[in-house]
Amino acid sequence: MSELSKTYDPKSVEPKWYQRWIENDDFQANPKSSKPPFSIVMPPPNITGVLTLGHVLNNTIQDILARRARMQGKEVLWLPGMDHAGIGTQTAVEKWLRKNEGVTRHDLGREKFLERVLEWQDKHGGIIIQQLKRLGASCDWSRQRYTFDDAYIHAVQKVFVDLFQKGLIYRGRRMINWDPAAQTALSDEEVVSKPQKGTLYYVRYEGVEDRRHSLEVATTRPETIMADTAVAVHPGDERYAGLIGKHVWRPLVREKIPIIADEAIDPKFGTGVLKVTPAHDKVDFELGQRHHLPVIDVLHPDGRINCPALPDLDKLDRFEARKKAAELLEESGLLVKTEPYENNIGFSDRSEAAIEPRLSEQWFLRYPKTEQALAIVREHLIRFFPGHWEKVYGRWLENIQDWCISRQVWWGHRIPAWHKVGQASRLPITEDRKPEARATEIYVGIEPPPDSGNWTQDPDTLDTWFSSWLWAYETMDQETRNKFYPTSALVTGPDIIFFWVARMIIAGLEFTPGKSDRIEDNIPFRDVFFTGLIRDKQGRKMSKSLGNSPDPLELIDSYGADGVRFGLMRIAPSGQDIRFDEKQIEEGRNFATKLWNAARFRQMHGPSTRVPRIDDQTLSIYAVEMLARLNETIDDVEAAYGEYQFNVVAQRLYDFFWNDYCDWFVEAAKSDIFSGDEAKKNSTLAVMDVALSAVLRLLHPFMPHLTEELWSKFGFGEGSIQFEAPPRRIDVDPGNNQRQIVSAIYQMIEAGRNLRSESHIASNQKAKFVLRADAPQIRKEQETIARLLNASELVVDAGFTADAGTPVAATPAGELLLIAEVDRAAERERLDKEIAKLESELRTVKAKLENKSFVDRAPGAVVEEHRERQRNFAEQLAKLTQARERL
RNA sequence: GGGCGGUUAGCUCAGUGGUAGAGCGUCUCGUUUACACCGAGAGGGUCGGGGGUUCGAAACCCUCACCGCCCACCA
C-alpha cells in the first residue's frame, strides 16, 4: 500500500479514476450479459443547457442507483442523451443571432436558419454532457442519444403516421394557446397561469331598438371590443329578461350585435353582461359556436391589433391598445367606470409572454390508453415515490384534453404531412371543424405522396415532448430492449409529470415496444422517483435573473465532486423541496476529509489484509459494539434504499462513521494499538479493516472517486470497488449484557469530561479520576477509559473517601470523582443544578408509575423501563445529595 | 374554487404512540503523534394555534392560521 498524503485532494483523485473507468469500459452495458438487468434512461437535458444544481441532484441519484446495481452484480445500462428542445433552442439561437449578427430568423429564411442552428449546436450545444462527467456520472456514453438523431427523427415521424392512420391524430381549427412572442401554438401544459393586477372596465353598449335599454358590460379587454359579435346574459337574469333577442351598438367599430342568453353567464359577476368575443376567448368561442355567431379576429400573430377600420388602434401592441381603447371609450362617453382588478392570466412557460387564445388550424392527438395508464399506476404496476404524486397523475389523466402537437417553430421534427399546392391549407373560419372534412386534401406519410403532384410538406414542426415521449425505448435497439426494457427506474422532477412521465407511460402502452404483449413488458419503467426542487436559503426558486443559482462546477472545484454529491444527498429529503446552503456542501467535503484521515490513521499502523477477518476471541468490547452498530447501519441503509430515501442513507452512514467508528471506536482502539501487545494490536487493526472495507463499499455509490482511491490503496478485494458486493452483516453477537457495559462506560466518560469542563480543567491537562464502585468489568477497562478521559489515572475503589468539595457525577457505572483543586462555591452551584434536574426527572417518572392506568395498560416492557429509570434516578440522586451535604 | 405538500433549536432538517434529536452557527476549553475540513464540553425548543382520541400525542383525528406548489374558461 502506498502512503496517503496528509490531506485529500479531489482534483488529483477524481479525474484520474473517471478516466480509468472510461478506459476500462466499466460503464458499458452488455445486452448479451447473463447478469440480471438494471436500466435507467437519463431525462435528456436540453442541448442548450448548462449544468444546474437540479441536474446535479437528479443525476447523482441516478448514478447512485446505477452504481449500487453494479455492486449488486447487475448488468447496468444508464443511457444518457440530449433533447433538441424545439422552442427553447430556437429562441436561444435567435437571441444569439440578434446579439452577434443583428439578424432575425426571418432575415435568414427557414433553410439558412436551420443551418445556423446546427452550427450553433455543434459549437455551443452539449456542454452539459462534459459537465456530467465531472460529477462522476457512470453513463454508458457509447450509447449517447439525441432526439434529433436521424433514426430518432424517423421513429417520431413513423409514430405520427401510425397515430394518424389509427385516427388518433387529426387536424382541426380550434381555440389554442398562442404565444405571440415565439409565434407558435402551445399545449395546455405549456401555459402557466399567474395572477395579474389589471383593470376592470365598465363599458356602455347602447340599445338599438330602444336607446334607453343600453347595457353595461364589465371587461378586462377593451382592446378586443371590435371583435365582439354579441353580448350575453343569463337566461334567468330578471334585469335583462325583456332584452334577449334585441340588439346593442358595439362601441369603437360601431355595429349592431345581438343580445343573447346563455347558461354559462354568471349573473353575479360585474353587471351580469358578458361581451362575446369568439376569436379571442375560449369560453366566448364555445358560446359563439352554440349561437352561430361570426368570428372576427382583430389580432396579428405577434399580438398587435389588426383592425384597419379603427386606425387609432390598428397595429398597436395589444397592451398599448388596451389603454388607447379605454381612452377612446372615455372620449365617447361610453366608459362608465373602471376599478382595479386581479385575475389569472396564462403565460408561456418558455417565452413568458402572455398567451392569446387564438382560433387556429393545428394538429391534435386524442390520447390513447388513458384508462390503462391510470390503472397501472393505481395498481402499482408502476410505483411512484413519494406516493402522493399518484393523485396528481390521476387527476390529469381523468381530465385529459386532446394534445395540440403542432408548433409553428422551424427547429423541430417536421410534420410528415403534405398539402396539395394550389389548395388552401388554411380554411375559412366558417368551415366545418370536423377533421374528416379535409382528409382529402392532405396526405400523411414520411415520404411525399407518390403521384409527384404539387405537394408541399406541412411547414409545422412537432411539440418537443412528442419526441421525448418515446425516449424510454426509441433510444434502444431491439437487442438492448430485450435486455433492458422496461427500465428499472426513472428519476425526474415532478414538474414534468404531465409533460413527460405520463406521456411516456401512454407511449409504452400504445406502441408496445417490449419483448411480449404483456403490459408489464411494455410499461416504460417500474419505479418513478420524483426529486424535490432546489431552492435558495430564502426558499426562492433558483433562477438566472435572481442570480441565486450557484454554479455546480465551481462547487465541484472547491469541494470535489464527491463532497458536492454527498453534501447534496444528505439534505435532499425525499419528495420535498430542498433549501440549498453551501454550508451543506462544505460538510460533504469535510466528511470526505474525515474518511480520508481515518484511512490514513489505519494505514500508519501497518498493511491491511486483502480479505480482512476478525477473530472472535480477541475482540475488545468496543470493537464488538462498533461492529454491532455497523450491522444496524447496514440494515437501515438497505431499508432506506428500498424507499428511495437517499438522505437517510447518507445521514446513517455519516453518523455511523463519524460517531460510532471515529469518535468512539478508534479512540478506544488506540489503547490496543499503542499497547505493545502485537496480538491485541493486530486484532484491532483487522477490525478496522473489516469496518473500513464495509464503509467504503457502503459509501461508494455516493462518493465513487474517493472510495475507489482508498479501496485501491488498501488493496481490499481483487479490482475496482465498483463491482464489489455491498457488505453483509458481520457475525458478532455482543449480547445485551455487554452492550450495557459499553454504554455505561461511554456514559461515564461523558460525565467525566463534563466534570472536567465544569471544573475548568483544560482538556489537555491530565487529571485523576476515581470511580467509587466495586466494578470488576470496569476495572478491566481502566486504561482505555483513562485514555478517553485524558486522565493521569483512573482508580476504581468502592471505599474511596474524598475530601469535601470533590467534583462528583452520578453515572450508571457508579459515582465518578474528579480529583483536583476546585472552587467549592462553583461546585456547590453545579451540584444544585444537577440535583434539581434529577429531581424533576424523578418526579415525572414517579407520577407516571403512580398512574394506575399507565401501569395497567402500557406494554410491560415500557412499564419496566420506567421502573428501572426510577431506581436509577433515585440512586443517583441519593449519592449526589450526600456529596452536596458534605460540601 | 378544488387538490397536494409544509410549519420541530438562530439556520438546514431527522424524528408516525412511550425520557424531544443531528449538523451548522453561538459560547468555553484544547494543537493530547489520523484529522483545526479537528477533538471535548455547554447553552438553546410551551414540536404553528385551538379542540379531540389515548394511561400517554411532535406523531393519530377534527379545525383554524400562515408558507409553498399544482389544477380550474368567471369575463
Side-chain angles (χ1 to χ4, degrees), chain A residues 4 6-8 175 192-193 200 217-221 232 264-266 268-271 273-277 281-287 341 343-344 346 357 386 388-389 391-392 395-396 399 494-495 497-498 533 535 537 539 541 559 563 570-571 573 575-581 583-584 586-587 589-605 647-648 651 654-655 658-659 662-663 666-667 670 674 749-750 753-758 760-766 787-790 841 844-845 848 851-859 861-863 865-866 869 873:
Chain A
L4 298 185
K6 172 121 182 155
T7 52
Y8 169 57
M175 274 318 244
V192 286
S193 75
L200 195 56
V217 174
T219 180
T220 54
R221 304 205 61 186
I265 313 303
D266 178 3
K268 289 190 287 294
F269 185 89
T271 57
V273 186
L274 173 74
K275 77 185 201 50
V276 184
T277 321
D281 186 279
K282 206 176 163 198
V283 177
D284 290 10
F285 177 74
E286 282 157 17
L287 238 121
Y341 186 69
N343 62 343
N344 281 322
H388 68 254
W389 292 110
K391 285 189 191 168
V392 177
R395 225 184 315 280
W396 183 74
N399 301 301
D495 49 333
I497 188 167
F498 311 138
L533 216 68
R535 300 173 170 280
K537 265 187 100 173
K541 252 181 166 171
Y559 303 108
R570 202 159 72 98
I571 56 162
Q576 269 172 64
D577 287 356
I578 297 143
R579 297 215 177 199
F580 179 79
D581 182 353
K583 276 260 181 287
Q584 314 279 1
E586 200 178 314
E587 282 179 48
R589 186 269 319 260
N590 294 353
F591 184 60
T593 306
K594 187 72 180 177
L595 181 60
W596 182 262
N597 276 297
R600 263 183 83 220
F601 176 78
R602 165 63 190 86
Q603 174 246 30
M604 282 170 180
H605 297 100
N647 59 326
V648 175
Q651 187 61 39
Y654 183 96
D655 287 342
W658 207 306
N659 298 324
C662 291
D663 289 347
V666 172
E667 293 308 317
K670 283 176 180 172
F674 297 128
I749 289 162
E750 282 175 334
R753 288 166 172 170
N754 176 259
L755 276 183
R756 166 197 282 283
S757 176
E758 296 278 357
H760 301 290
I761 312 286
S763 7
N764 62 341
Q765 196 183 330
K766 296 270 180 195
R787 164 181 291 279
L788 292 171
L789 281 170
N790 195 27
E841 279 171 345
T844 311
V845 179
K848 219 154 184 197
N851 180 339
K852 199 170 174 310
S853 310
F854 170 71
V855 178
D856 290 348
R857 301 224 199 165
V862 173
V863 176
E865 214 174 277
H866 277 73
R869 212 181 299 155
F873 285 159

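Here is how names work: the chains are called A, B, and so on, in the same order as the sequence lines, proteins then strands, and each is numbered from 1.
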*What nucleotide among G23(B), A34(B), G5(B) has an atom nearest to a side-chain atom of Asn597(A)?*
A34(B)

Whole-Å gap separating [atom2] ([N]) and [atom1] ([X]):
X	N	atom1	atom2	result
Asn590(A)	A34(B)	CG	P	19 Å
Leu595(A)	A34(B)	CG	P	17 Å
Ile497(A)	G5(B)	CD1	C1'	13 Å
Trp658(A)	A34(B)	CH2	P	16 Å
Leu287(A)	A75(B)	CG	P	15 Å
Leu788(A)	G30(B)	CG	P	20 Å

Counting the atoms with a prime plus P, OP1 and OP2 as sugar-phosphate, which does [X] contact under 4.0 Å by heavy atoms, base, sugar-phosphate, or nothing?
X	result
Pro859(A)	base
Asn790(A)	base
Ala858(A)	base
Lys391(A)	sugar-phosphate
Arg589(A)	base

Partners passing side chain to side chain contact (heavy atoms under 4.5 Å, CB included) against [X] (at least two apart in sequence or in another chain):
X	value
Lys766(A)	Asn790(A), Ser792(A)
Glu750(A)	Trp664(A)
Thr271(A)	Tyr202(A), Glu216(A), Tyr240(A), Val273(A)

*Could you pull out all residues at least two apart from Asn754(A) that satisfy side chain to side chain donor-acceptor pair (under 3.5 Å)?*
none

*Only counting residues at least two apart or in another chain, list the ones meeting salt bridge (charged side-chain N to carboxylate O under 4.0 Å, His left out) with Glu587(A).*
Arg570(A)

*asked:* For Lys852(A), give me all partners under salt bridge (charged side-chain N to carboxylate O under 4.0 Å, His left out), at least two apart in sequence or on another chain.
replied: Asp856(A)

Who passes ring pair (Phe, Tyr, Trp, His ring centres under 6.0 Å) against [X], sequence neighbours left out?
X	result
Phe591(A)	Phe566(A), Tyr654(A)
Phe498(A)	Trp396(A)
His605(A)	Phe601(A), Phe674(A)

Quick one: which protein N/O atoms are closer than 3.5 Å to N/O atoms of nucleotides 19-21 of chain B? Pair and distance per line, please.
residue, atom, partner, partner atom, Å
U19(B), O4', Arg869(A), NH1, 3.2

Tell which nucleotide pairs with [N], taking only Watson-Crick or G-U wobble pairs whose two distances are both under 3.5 angstrom.
N	result
U33(B)	none
G21(B)	C13(B)
A65(B)	U7(B)

Between the protein and nucleotides 42-47 of chain B, list every N/O to N/O distance that falls short of 3.5 Å.
residue, atom, partner, partner atom, Å
A42(B), OP1, Asn754(A), ND2, 3.4

*Do Glu667(A) side-chain and A34(B) base share a donor-acceptor contact under 3.5 Å?*
yes

*Is the base of C24(B) touched by the side chain of Lys583(A) through a donor-acceptor pair closer than 3.5 angstrom?*
no

*Quick one: does Arg753(A)'s side chain have a donor or acceptor within less than 3.5 Å of a partner on Ser763(A)'s backbone?*
no

*Ile749(A) and Leu789(A): which non-hydrogen atoms are nearest, and at how many Å?*
O-CD2, 3.4 Å

Dump every N/O contact between nucleotides 70-72 of chain B and the protein below 3.5 Å, one line per pair.
residue, atom, partner, partner atom, Å
A72(B), N6, Asn344(A), ND2, 2.9

*Taking only the side-chain nitrogens and oxygens of Tyr341(A), find out if one of them lies under 4.0 Å from OP1 or OP2 of C74(B).*
no

*Rounding to the closest angstrom, what is the interatomic distance between U63(B) and C27(B) at atom P?*
46 Å

